[in-house]
2 protein chains.
Amino acid sequence: MPAIPDTSPCCPPLVDEALTDETAATLARGFKALGDPVRLRLLSLIASRAGDEVCVCELTDAFTLTGPTISHHLKVLREAGLIDCQRRGTWVYYWIVPARLAALSQLLDVSGATATARP
Amino acid sequence: MPAIPDTSPCCPPLVDEALTDETAATLARGFKALGDPVRLRLLSLIASRAGDEVCVCELTDAFTLTGPTISHHLKVLREAGLIDCQRRGTWVYYWIVPARLAALSQLLDVSGATATARP
DNA sequence: CGTCTAGTTTGACAACTGTCTAAACAGAGT
DNA sequence: ACTCTGTTTAGACAGTTGTCAAACTAGACG
């Protein structure tokens with residue numbers, strides 16, 4: 001499956017405007033990648049480095065899963081455009097792609113909504 | 001599967017703090033529910049009503065899928081705590097649960113992060 | 001070159017998911 | 001009570017997913 005390109009959609013919040021078919025498909029891939037506890041924890045481990053990178057070996061150590069499984073999950077996150085990586089020497093380093101996380105965050109943002117509370 | 005209770009976790013953004021195992025599991029259920037194009041469009045159709053409710057019949061009309069399939073997706077969204085519903089007479093009305101959407105949105109929020117841009 | 005370590009890819013398999021048809025359920029109105 | 005409409009549930013089936021073990025690739029270092 002091809003990775004999501006840099007031209008991924010940046011949408012107004014859900015509460016403001018209904019999604020088109022195509023846009024929904026792209027965004028859903030992002031959320032789908034987040035829809036696994038292991039991947040969510042991986043992303044949080046990477047993201048909480050605040051701009052720095054994390055070596056795969058550190059990530060693997062944080063789980064009781066095998067190396068290949070971690071590698072698989074990292075690939076899913078990468079193909080969803082949420083993280084990126086680079087090999088330097090023996091080790092591979094991962095970091096988050098803030099713009100993509102922001103796009104998904106904004107979509108779910110209801111803070112500016114005119115929605116009225118329900119009893 | 002039991003629906004996610006009202007005491008669902010409300011977390012600081014990913015960039016600030018790594019997730020615990022248990023919290024990740026609950027949050028992942030929310031994202032998993034969003035990880036399907038049909039469900040994302042359903043949610044957007046409901047949410048863009050801005051506090052009002054939507055009848056299932058309207059939702060069904062917006063897709064080429066069968067009624068049972070739409071009903072299934074609505075159930076997934078409901079069990080993830082993202083929407084709620086009520087039957088009034090013949091029709092069933094759905095609305096979003098803003099607090100739950102906000103929690104997921106905040107988790108992905110990187111706007112206040114101290115992350116440095118990468119070259 | 002040979003080998004060691006870090007990571008990824010491949011292949012297999014059980015479990016889960018999205019979709020459908022058929023059946024069941026809930027009210028409204030005869 | 002019967003029926004008609006709107007919605008959900010049950011069951012079935014193809015396709016997808018998460019996991020592991022085994023094989024492979026990339027670079028470092030003798």
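Chain identifiers are assigned alphabetically (A, B, ...) following the order of the sequence lines, protein sequences preceding nucleic acid strands; residue numbering begins at 1 within each chain.
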For B:Leu65 and D:dT8, what is the distance between atoms CG and P respectively, to the nearest whole Å? 15 Å
Expressed in angstrom and rounded to an integer, what is the separation of A:Lys75 atom NZ from C:dT10 atom C1'? 10 Å
Nearest listed nucleotide, side chain of B:Pro68, among C:dT19, D:dT9, D:dT7: D:dT9
Indicate yes or no: does A:Glu53 engage A:Arg88 in a salt bridge with an N to O separation below 4.0 Å. yes
When we call it a touch if two heavy atoms are under 4.0 Å apart, what does A:His72 touch: a base, just sugar-phosphate, or nothing? base
Heavy-atom donor-acceptor pair, B:Arg100 side chain to B:Ala80 backbone, under 3.5 Å: yes
Ion pair present between A:Arg78 and A:Asp84, side-chain N to carboxylate O less than 4.0 angstrom? no
From CG of B:Asp36 over to P of C:dT19, roughly how many Å is that when rounded to an integer? 6 Å
Give the nucleotide from the list D:dT19, C:dG7, C:dT8 with an atom nearest to the side chain of A:Ser71. C:dT8
Do B:Tyr93 and B:Arg87 have side chains that get closer than 4.5 Å, going by heavy atoms? no
Atom-pair distance (CH2 on B:Trp91; C1' on D:dT8), nearest Å: 17 Å
Taking atom P of D:dT8 as reference, at what distance in whole Å does atom CD1 of B:Ile83 sit? 9 Å
Between B:Arg29 (CZ) and C:dC16 (C1'), how many Å, whole number? 14 Å
Choose from D:dT9, C:dT19, C:dA6 the nucleotide whose nearest atom is closest to any side-chain atom of A:Arg87. C:dA6
Side-chain atoms of A:Leu74 come closest, of D:dG18, C:dC16, C:dT8, to C:dT8
Start at the 5' end of DNA chain C and walk down; is the nucleotide closest to B:Thr66 or to B:Thr90 reached first? B:Thr66
With heavy atoms under 4.0 Å as the rule, sort A:Ile70 into base, sugar-phosphate or nothing. nothing
Looking for any heavy atom pair under 4.0 Å, which part of the strands does B:Tyr94 touch: base, sugar-phosphate only, or nothing? sugar-phosphate
Between A:Arg39 (CZ) and D:dT19 (C1'), how many Å, whole number? 12 Å
Between C:dG7, C:dC16, D:dT17, spot the one nearest the side chain of B:Lys32, thanks. C:dC16
Any chance the side chains of B:Thr23 and B:Thr20 put a donor and an acceptor closer than 3.5 Å? yes
Rounded to whole Å, how long is the line connecting atom CG of B:Leu77 with atom P of D:dT8? 12 Å
